[in-house]
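Data first, discussion second: the structure below is written as structure tokens.
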Amino acid sequence: MTVYLLGAGPGDPGLLTLRGAEVLADAEVVVYDRLSVGAVLDMAPATAERINVGKLPGQPRMSQEEINQLLVAYGRAGNKVVRLKGGDPLVFARGGEEAKALAVAGVDFEIIPGITSAFAAPAYAGIPVTLRHSSTSVTVITGHEAPLAPFSKSPSSNNTVNWEAAAQLGGTLVILMGVARWEAIAERLLVAGMSPHTPAAAVCWGTRPTQHTTRATLATLSEHHMEAPAVIVVGEVAAQELEWFATRPLFGKRVVVTRPVAQSAQLCDMLTKAGAEAVRVPLIEIAEASDGGASLKAAAKHLDNYDWIILTSANGARALLATTHDARDFGKAKVAAIGPATAEVLKVANIRPDLVPKEYVAEALLEALLTGAVSESTSESESASESESQNTKALIARAAIARDVLPEGLRTAGWEVDVVEAYRIKGVEVSDAARAEVANSDVITFASPSAVEQFVKAGLVALIGDAVGVACIGPITAAAAREHGLNVAIEAPEHTAKGLLEALEDYFSSSS
Ligand code: SAH
């Protein structure tokens, strides 16, 4: 089988190529290293074997020869192997050596180019590597080769970069792996005649939420703290400040998402696009109902007996749909959904809810059911009319533990209500790494009271100081958080992932 030498880009998962995503989605083995990004690794199937060949604490780094042999061995064993590399696999990444080892061993390989940090990190910092009139060339150089003292004539196999020639080029110099030796590099460029006033910038952790850009000159850049990995740009273009990435509303914020993994993708994606680092710490997961789904199955056989099928969560809708054959099972029963996420799940089965309340909480759903007040989005459909008979029969499919506002309110109004457990919410163990992430975050987001409860139960409250904001998707979740002594700084006016994102943006725009 084939070994894919795949360039993952510099960090932002959106910079992975289409071919890269396609190959990853099918990988059986993924070999990755230190600069690989979690969100890209997550694109491989959960069942794929993941092998870290980067430096691990307390262990010697795997040699290039060992990595080559590993790729050959897995390739020979018939696996679909993805060798994930930061940026482009052939730009200072030893992809050439790996390809050579595979070729010699007769193992098929494919090279999938990636977006190199050499160009992408400056682009994300608002620095064009070429610019008409000020830069007619761009030279990408490794700073890893030990620079000798200026004009030293002593021969050395390490001294492969001709910095004097680079200093004469007049265009843009882009230096990778240059942080550790920057002082010596700058010195050589200066001695070779470059002006000390030449603009110079270092883009650290480019394209990531932790991106940090330092702008200075060739003479002064070394006075600043620089953290690897960084791309250093020297030349007139380094003075350009076409900022766009670092000005995103949530840029640099570390936002913890506590939703179940299966439901966190949308929020994480929105957070990432707003510039935040979405940190997944799932506190709860969705499990089968405690009776194995028997009562739901039984109820699903007779959906047509009900006037209303009421779904108070996307999970409930998903569980119910899984037990039905197709949309015809609903017969003439009307369908109520608590909010747009629940409606979205139904839509996949081509069921358009007859009712979605204006506010996505049980109280509003109850009122809408009883009075026929529906949201604008569904106003063209027939509303729950005031003339509903006293004997209205309703089925509520929901979590094992849920509030009773809705069934009790309906029963008080004379409705006949069957409540069935469609799923259960289970607490998830929180690893030490996840604890550290929580302690290190700017905001913790909660989308349900169960997540809040698990947060408290796992002893995480003690880890967060006053500087960490608590954000809740709606009033019920916020009330649960307050009950447990959390200081809720952010509450989404619209109780959806989008509403939560907007509330976070408002919060940070007013606090910065
Ligand atoms: N193949 C990679 C380069 C690997 S060498 C590519 O094409 O991007 C490693 C060097 O790349 C680092 O020392 C740093 O100079 C640069 N680098 C990689 N990712 C980076 C990032 N996100 N931001 C800034 N520099 C990065």
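Every number for a ligand or one of its atoms is a count from 1 in the order of the listing.
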Checklist entry - When rounded to the nearest 0.5 angstrom, what distance separates CZ in F109 from NZ in K100? => result 10.0 Å
Checklist outcome for this item: OG1 of T213 to NE2 of H224, rounded to nearest 0.5 Å, is 12.5 Å
Are any protein N/O atoms closer than 3.5 Å to the N/O atoms of ligand 1? If there are, list each pair with names and the distance to one decimal place.
unit_1, atom_1, unit_2, atom_2, d
ligand 1, 1 (N), G86, O, 2.9
ligand 1, 1 (N), D88, O, 2.8
ligand 1, 1 (N), V91, O, 2.7
ligand 1, 7 (O), D88, N, 2.8
ligand 1, 7 (O), T116, OG1, 2.7
ligand 1, 8 (O), T116, OG1, 3.4
ligand 1, 8 (O), S117, N, 2.8
ligand 1, 8 (O), S117, OG, 2.7
ligand 1, 13 (O), M177, N, 3.4
ligand 1, 15 (O), M177, N, 2.8
ligand 1, 15 (O), A230, O, 2.6
ligand 1, 17 (N), S117, OG, 3.2
ligand 1, 22 (N), P10, O, 3.0
ligand 1, 22 (N), G206, N, 3.4
ligand 1, 22 (N), G206, O, 2.9
ligand 1, 23 (N), G206, N, 2.7

Item to check | Carboxylate-amine/guanidinium contact E28 K80, below 4.0 Å | outcome: no
Give the table of side-chain donor-acceptor pairs shorter than 3.5 Å for residues 237-247, with sequence neighbours excluded, one pair per line with atom names and distance.
unit_1, atom_1, unit_2, atom_2, d
W244, NE1, A123, O, 2.9
T247, OG1, W244, O, 2.9

Item to check | Residue pairs involving residues 448-473 (criterion side chain to side chain donor-acceptor pair (under 3.5 Å); sequence neighbours excluded) | outcome: none
Checklist entry - Restricting to pairs with a member in residues 119-128, which pass side chain to side chain donor-acceptor pair (under 3.5 Å), not counting sequence neighbours? => result D12-Y124
